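Below: the structure, in structure tokens.
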Amino acid sequence: METPLTQYIKPDRLPPGIEDYKKAGGYSGTIKAIKEMSPSDIKTLVKSSGLSGRGGAGFPTGVKWELVPVDANGNGYKYLVANADEMEPGTFKDRYLLEGNPHQLLAGMIIASYAIGAQKAYIFLRWAYKKAEAIIRKAIAEAYDAGYLGNNILGTGYDLDIYIHSSAGRYICGEETALLNSLEGKRGIPRTKPPFPAISGLFGQPTAVNNVETLCWISHIIEKGADWFRKLSLTGEGGTKLYGVSGRVRNPGLWELPMGTTMREIIYDHAGGMLEGYKLKGVIPGGVSTDFMIESQLDTKMDFASVRAAGSRLGTGTMIVLDDKTCPVAFIHSMIKFFAQESCGWCTPCREGLPWVEKILASFENGTAKYDDIEILEFHTQYMAPGNTFCAHAPGAMEPLQSGLRYFREEFVRHINEKHCPWR
Amino acid sequence: MLTDKEKDDIHKEMNQYPYPEATCIDALKVVQYHRGWISDDAVEDIANELKMTVDEVDSVATFYTRIYRKPVGRNIILLCDGTSCLVMGYESVYEYISKKLNLKFGETTDDKRFTLLPVSCLGDCDHSPALMINDDHYNNLTVNKIDEILEKYL
Ligand SMILES: Cc1cc2nc3c(=O)[nH]c(=O)nc-3n(C[C@H](O)[C@H](O)[C@H](O)COP(=O)(O)O)c2cc1C
Ligand code: SF4
Ligand code: FES
């Protein structure tokens, strides 16, 4: 089984420096792309590989790049942004790539920037990733010294600078338009779409925003081709995927596996199954903005289409397991508390609705909830449904709540009947 | 007034943006690095340097969780109360720290040695419970590891 993204990552060892990475053939895709290929060749190849965004939404990467106008407007730059914000509880996949092999990301960013005609690129980094920041800064300096960044890269006449912006916190900055505002030094509040970032993005210029894991693929696809990429997967969706598991399993962690590996295999073979004395009660499949899945769905193939068909979303592919000794209401409450805190406050349903939901969930936990409160919670899942809020933050928050109310209704009712949390 | 060092650091950050206002967040981080937190004076200093209004800078400063608009202790403990850490038992770690330092979330010890704050995830979810002190991550926490960790921070 091939593991292209993680093959050079050795936990507890320093990441490969530029010399090691070059020796391993690491920058050969980049050299081939900017020396031998036209930007449109690259976009066509990435499109035909079927690579879809690993930031959660699964948008086809090649298509996104084609939306960026070929000619820059006026004399401003075009921009590429690597989204390394990764602030969703339960998510730790990009960190592994950033700390483990920074040159893989840079190699991909150079190609992506060349493909869309960007001359400036930013890495928008989660504030807590101090180690990753130091590692990437070093890698960027090495890449300048080696002539892969800066002016006239490898004698091709192509110029590119890559910068890091380490965030000052706020989950909403992972949303691509809020991210752009934050990179401009403003409050991280989402923007209206359209115009999409491809047309008017960073500093009003055409911009592509891609997730770290997405960008780490690019040099491999250039080097080995679209067919190779598609065949890595077990389903129609190409590539491998970083899957993570946290919660009360024997061996929590992160694995690169073929796209479409079943949830059962990930949780039982790789994460080692549940710890002694704990039973699996539910799974949040891809970050806290995805609907619960339950034991009868363990054989779901973990790709975008199959998880959607099972009523949830693949999201980031990093799962949180809910066990029978953790109160499902407390589990949901913790997710909603997060979303309420992280609401940017711009639109009313989210700013007012999430704290309301949070208070009601707290009342379940302290034993003061009433039967009507279940209906009020259900009302909010509609009230903050997609289309009713300015961005996808609040609808994302409602996903685990609506499925939680469906799957764990009995447990909600027990809190009301027994007037306290049965788990405490 | 910004010190020369602060000015220097801010101007270094400016190089990566097309205009000075875009440096606002980085400037706040620079000044916080030197002074520990962002006072009203600090907001004004940054506004002057970046040719922004005080309100503009403050609206940014108050938006971001990792910019402190109130005084904090010398060391900041960020204890994760995110979902994975809830499952893995952050609550017992909280109770232990809270009792030991006589602190609740949001408070600072009288000797200004520690401020304790909740945080919603540190990206250590596969090794939860987790906390961060200043720039250092600690994970797979158990109550009996805490004393030794805290001792490192004076
Ligand atoms: C509230 C919210 C938070 C998000 N956080 C992230 C994030 O931390 N990292 C990320 O890559 N994408 C995040 N996204 C998705 C981005 O908006 C965007 O779709 C993605 O970065 C595009 O990259 P991709 O096409 O490579 O997936 C978030 C979206 C929303 C609505
Ligand atoms: S849904 Fe929430 S996060 Fe999104 S714009 Fe509205 S208030 Fe902000
Ligand atoms: S939820 Fe605590 S580190 Fe991620």
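Keep in mind that what you see is a predicted model, and the values were worked out from it rather than measured. Excluded from the calculations below are hydrogen atoms, water molecules and symmetry mates; all remaining heavy atoms, backbone and side chain alike, are included. Quick note on labels: first sequence line is chain A, next is B, and so on, each numbered from 1.
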Original post:
For Thr91(A) and Cys125(B), which heavy atoms make the closest approach, and how far apart are they?
Top reply: N-SG, 3.7 Å
Original post:
Backbone N or O of Gln16(B) within a donor-acceptor pair of the Tyr122(A) side chain at under 3.5 Å?
Top reply: yes
Original post:
Roughly how far, to the nearest 0.5 Å, is the CG atom of Asn181(A) from the CZ atom of Phe63(B)?
Top reply: 9.0 Å
Original post:
Can you tell which of Ser128(B), Ser84(B), Pro118(B) has the highest number of heavy-atom pairs within less than 4.5 Å of chain A?
Top reply: Ser84(B)
Original post:
Can you say whether Glu342(A) sits under 4.5 Å from chain B via the side chain, the backbone, both, or neither, judging by heavy atoms?
Top reply: side chain
Original post:
Between Asp136(B) and Lys130(A), does at least one N-O distance fall below 4.0 Å, as a salt bridge requires?
Top reply: no
Original post:
Is chain B contacted by the side chain of Ile336(A), its backbone, both, or neither, given a heavy-atom distance below 4.5 Å?
Top reply: neither
**OP:** Sort Val245(A) into side chain, backbone, both or neither according to what part of it lies under 4.5 angstrom from a heavy atom of chain B.
**Re:** backbone
Original post:
Any ion pair linking Arg187(A) and Glu56(B) (charged N to carboxylate O, less than 4.0 Å)?
Top reply: no
Original post:
From Glu184(A) CD over to Ile25(B) CD1, what is the distance, rounded to the nearest 0.5 angstrom?
Top reply: 10.0 Å
Original post:
Just checking, is any N or O donor in the side chain of Ser166(A) or Lys29(B) under 3.5 Å from an acceptor N or O on the other one?
Top reply: yes
**OP:** Evaluate the criterion side chain to side chain donor-acceptor pair (under 3.5 Å) for residue pair Tyr129(A) and His137(B); output intermediate values, then yes/no.
**Re:** CA-CA 9 Å; Tyr129(A) 290 174; His137(B) 289 249; over 6 Å; no
Original post:
Is it the backbone or the side chain of Arg95(A) that comes under 4.5 Å from a heavy atom of chain B, or both, or neither?
Top reply: side chain
Subject >> Interchain contact, Leu78(B) with chain A, by part (heavy-atom threshold 4.5 Å) >> reply: side chain
Subject >> Side chain / backbone / both / neither for Cys344(A) at chain B, heavy atoms under 4.5 Å >> reply: both
Original post:
Side chain, backbone, both or neither: which part of Glu86(A) has a heavy atom under 4.5 Å from chain B?
Top reply: neither
Original post:
So which heavy atom on Thr83(B) is nearest to which on Ile320(A), and how close?
Top reply: CB-CD1, 4.1 Å
**OP:** Heavy atoms only: give me the nearest Tyr64(B)-Lys186(A) pair and the separation to one decimal.
**Re:** OH-O, 2.6 Å
Subject >> Distance-minimising heavy-atom pair for Cys121(B) and Gly90(A) >> reply: SG-N, 3.9 Å
Original post:
Checking heavy atoms, do the side chain of Val119(B), its backbone, both or neither come under 4.5 Å from chain A?
Top reply: side chain
Subject >> Which of Asp124(B), Thr23(B), Ile67(B) touches chain A most, by non-hydrogen pairs under 4.5 Å >> reply: Asp124(B)
Original post:
Can you say whether Glu21(B) sits under 4.5 Å from chain A via the side chain, the backbone, both, or neither, judging by heavy atoms?
Top reply: backbone
**OP:** Name the region of Leu122(B), side chain, backbone, both or neither, that has any atom closer than 4.5 Å to a heavy atom of chain A.
**Re:** both
Original post:
Are the ring centres of Tyr19(B) and Phe203(A) closer than 6.0 Å?
Top reply: yes
Original post:
Distance-only, no hydrogens or angles: does the Arg248(A) side chain make a donor-acceptor pair with backbone N or O of Val87(B) under 3.5 Å?
Top reply: yes
Original post:
What's the shortest heavy-atom distance between Pro18(B) and Tyr79(A), and which atoms?
Top reply: CG-OH, 4.1 Å
**OP:** Give the minimum heavy-atom separation between Ser334(A) and Leu86(B), together with the two atoms involved.
**Re:** CB-CD2, 3.9 Å
